[in-house]
> 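One structure, pasted below without further comment.
Note that the coordinates shown come from a computational prediction; the quantities given were computed from them, not determined experimentally.
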Amino acid sequence: MSEHGLRELGTALRSWAADGVGVVRVLERHGFGTVESGQLLAGTASGAVAGLLYRGALDVSARPLVAAAAAAPQTREAHVAEPDALAAGLACAGGATLLGHPLPAAQADALGAALEAGSPAALVSAADGAAALVLTGPDLSARTGGLGSAELDDAAARAAAGLLRRGATATERVPAGDVELLVDLWVPVPSVLVVGAGAIGEALAAQAGLLGWGVRSASTVDEATAAVADFSDADVLVLLDHAPAFDATLVAGLRGRGFIGALGSRRTQAARRERLLAAGVTEDELARLHGPVGLDLGARSPAETAVSIVAQVVAARSGRGGSALAGSEHRIGG
């Protein structure tokens with residue numbers, strides 16, 4: 001599911017939370033070729049539906065299950081023939097065991113808010129869908145709901161945190177004593193907006209592509225400001241252009257979401273800071289500006305500068321300062 005699709009799903013979950021939500025997840029599958037993790041369909045008893053399972057190939061079975069799942073947990077077998085699978089864009093035929101279960105209002109709102117904001121989130125339930133726990137926040141430390149015992153909740157949190165360290169969306173079944181847990185984790189993929197032209201912008205695009213991040217560019221103030229105003233927590237602005245006109249873009253970013261970075265010398269940064277303060281930006285808002293953007297790696301070439309910038313983004317998303325591993329007490333590899 002695309003980042004835009006997840007945000008739309010999050011918005012739908014929040015709007016339906018008070019009325020009762022059912023969700024359908026993939027408990028087990030065989031076939032279909034390579035498919036994305038984190039598949040989720042959500043809806044209400046009245047028939048409203050959001051999300052997607054395997055490019056819609058399972059809709060015949062999944063959509064009716066969504067409405068029923070709002071009332072009680074249940075499973076259903078779904079099979080997709082080769083022609084239908086290929087028409088949906090899947091590699092081959094396959095089948096799946098679908099788990100449908102209610103998502104209480106508090107959990108639906110918490111999960112929806114995280115997906116809408118583009119921040120990490122996990123949905124954990126027993127394999128029978130009897131209870132659900134939602135974990136949110138950069139390190140998944142915020143808990144909403146529960147699985148019936150503190151021990152199970154802790155086991156779920158450990159499992160989700162372990163998946164989070166891999167840095168990618170995942171769906172896994174995890175044993176926890178006598179219970180098997182179904183864990184769906186969504187890790188937003190950063191999308192970099194490069195404002196301005198030049199060799200550093202080209203190097204950033206190449207580096208973002210290497211990491212599997214999205215990348216786009218903007219050249220005008222209006223275009224850049226509109227894009228930044230729509231940022232999620234996973235979005236990244238790298239402002240290369242020093243023109244004061246782009247202060248409007250920074251104001252929108254500092255009052256919104258995402259990673260806000262700006263290139264420039266210390267003299268350029270000082271002048272920019274004074275203009276932003278004069279424009280009404282507060283000290284707290286200004287503290288969100290990474291400028292000069294990038295870690296101090298001694299970068300000289302555009303390619304090295306791009307590495308320093310994406311390294312700071314990774315560190316910020318992980319809540320780290322970007323220090324050397326040899327001097328760090330944090331877990332290595334996450």
> Would a hydrophobic clustering, with Ile, Leu, Val, Met, Phe, Trp and Tyr connected at side-chain separations under 4.5 Å, put L263 with V236?
yes
> Any side-chain heavy atom of P120 within less than 4.5 Å of one from P188?
yes
> Let me check something: do V228 and V281 share a hydrophobic cluster, defined by ILVMFWY side-chain heavy atoms less than 4.5 Å apart, either directly or through other members?
yes
> If we only count heavy atoms from C-beta on, is the S119 to P138 side-chain gap below 4.5 Å?
no
> Could you state the interatomic distance from OG (S217) to CG (L240), rounded to the nearest 0.5 Å?
10.5 Å
> Under a 3.5 Å distance rule, please check whether W186 uses its side chain to pair with a backbone N or O of A122 as donor and acceptor.
no
> When you compare the side chain of L147 with that of L181, does any pair of heavy atoms fall below 4.5 Å?
yes
> Heavy atoms only: give me the nearest L53-A62 pair and the separation to one decimal.
CD1-CB, 3.6 Å
> Any idea which heavy atoms bring A130 and D128 closest together, and the distance?
N-OD1, 3.0 Å
> Would you kindly confirm whether V221 and L237 end up in one hydrophobic cluster when ILVMFWY residues are joined by side chain heavy atoms under 4.5 Å apart?
yes
> If I compare all heavy atoms of A117 with all of R257, which pair ends up nearest, and what's the gap?
CA-NH1, 3.7 Å
> What heavy-atom pair brings S61 and E77 nearest, and what distance separates the two atoms?
OG-O, 4.1 Å
> Hey, does the side chain of D153 reach the backbone of G146 with a donor-acceptor pair shorter than 3.5 angstrom?
no
> Go through it in stages, so that I can follow the logic: the residues are T11 and E116, the test is side-chain hydrogen bond (donor to acceptor under 3.5 Å, both in side chains), and I'd like the CA-CA distance, side-chain angles, deciding distance and then a yes or no.
CA-CA 6 Å; T11 300; E116 189 177 35; 2.7 Å; yes
> Answer yes if the side chains of D139 and S141 hold a donor-acceptor pair under 3.5 Å, and no otherwise.
yes
> Could you grab the distance from atom CG of L41 to atom CG of D59, nearest 0.5 Å is fine?
6.5 Å
> Assess the residue pair R25 and T171 against the criterion (side-chain hydrogen bond (donor to acceptor under 3.5 Å, both in side chains)); give the C-alpha distance rounded to whole Å, side-chain angles, the decisive distance to 0.1 Å, and a yes or no.
CA-CA 9 Å; R25 306 156 69 196; T171 297; over 6 Å; no
> Flag the pair L90 / L86 as yes when at least one side-chain heavy-atom distance between them is below 4.5 Å, and no otherwise.
no
> Charged N to carboxylate O under 4.0 angstrom, D230 versus R7?
yes
> Going by the side-chain contact (heavy atoms from CB on, under 4.5 Å) test, name the single residue among L99, T75, L98, V23 that passes it with L65.
L98
> Do V215 and L204 touch side chain to side chain, with heavy atoms closer than 4.5 Å?
no
> For R55, does the CZ atom sit with more than 12 other heavy atoms under 6.0 Å from it, leaving out its own atoms?
no
> To the nearest 0.5 Å, how far apart are CG in L276 and CG in L254?
6.5 Å
> To the nearest 0.5 angstrom, please state how far the OG atom of S308 sits from the CD1 atom of I200.
8.5 Å
> Return the minimal non-hydrogen interatomic distance between A88 and A57, and the atom names on each side.
CB-CB, 3.9 Å
> With side chains defined as the heavy atoms from C-beta onward, is the minimum distance between V134 and T136 less than 4.5 Å?
yes
> To the nearest 0.5 Å, how far apart are CZ in R272 and CG in L277?
13.0 Å
> Which of parallel (below 30°), tilted (30 to 60°) and perpendicular (above 60°) describes H79 and H30?
tilted
> So, do F32 and L58 sit near enough that their side-chain heavy atoms are less than 4.5 Å apart?
yes
> Do E223 side-chain atoms and A218 backbone N/O form a donor-acceptor pair below 3.5 Å?
no
> Are L152 and V179 close enough, and set up right, to give a side-chain contact (heavy atoms from CB on, under 4.5 Å), and what steps lead you there?
CA-CA 9 Å; L152 273 181; V179 178; 4.2 Å; yes
> Look only at the side chain of Q207 and the backbone of A203, and say whether a donor-acceptor pair between them is shorter than 3.5 Å.
no
> Can you list the steps and then say if T225 with T249 is a side-chain hydrogen bond (donor to acceptor under 3.5 Å, both in side chains)?
CA-CA 4 Å; T225 303; T249 302; 2.8 Å; yes
> With a 4.5 Å cut-off on side-chain heavy atoms, are V293 and Q312 touching?
yes
> Kindly compute the distance separating CZ (R158) from CG (L140), expressed to the nearest 0.5 Å.
14.0 Å
> For R216 versus S191, what's the shortest heavy-atom pair and its separation?
NE-OG, 4.1 Å
> Is the shortest side-chain N to carboxylate O distance from R288 to E283 below 4.0 Å?
no
> Say whether, by atom type as modelled, one donor and one acceptor occur between the side chain of Q39 and the main chain of Y54 under 3.5 angstrom.
yes
> Run the side-chain contact (heavy atoms from CB on, under 4.5 Å) test on L133 and L135 for me, step by step, so that the C-alpha distance in whole Å, both residues' side-chain angles and the decisive distance to 0.1 Å come before the verdict.
CA-CA 7 Å; L133 172 67; L135 305 166; 3.9 Å; yes
> In the single-linkage hydrophobic clustering (I, L, V, M, F, W, Y; side-chain heavy atoms under 4.5 Å), do L286 and F259 co-cluster?
no
> Take V66 and T44 through the test side-chain contact (heavy atoms from CB on, under 4.5 Å) and record every step on the way to the result.
CA-CA 7 Å; V66 170; T44 66; over 6 Å; no
> Could you please spell out the steps behind the side-chain hydrogen bond (donor to acceptor under 3.5 Å, both in side chains) verdict for T282 and D284?
CA-CA 5 Å; T282 68; D284 286 344; 5.4 Å; no
> Is there a chain of hydrophobic side chains (I, L, V, M, F, W, Y, each step under 4.5 Å between heavy atoms) that links L289 to L193?
yes
> Closer than 4.0 angstrom, basic N to acidic O: yes or no for R143 and D154?
yes
> Among L9, L111, D109, L115, exactly one meets side-chain contact (heavy atoms from CB on, under 4.5 Å) together with R14. Which residue is that?
D109
> Between R173 and E180, does any side-chain N to carboxylate O distance fall below 4.0 Å?
yes
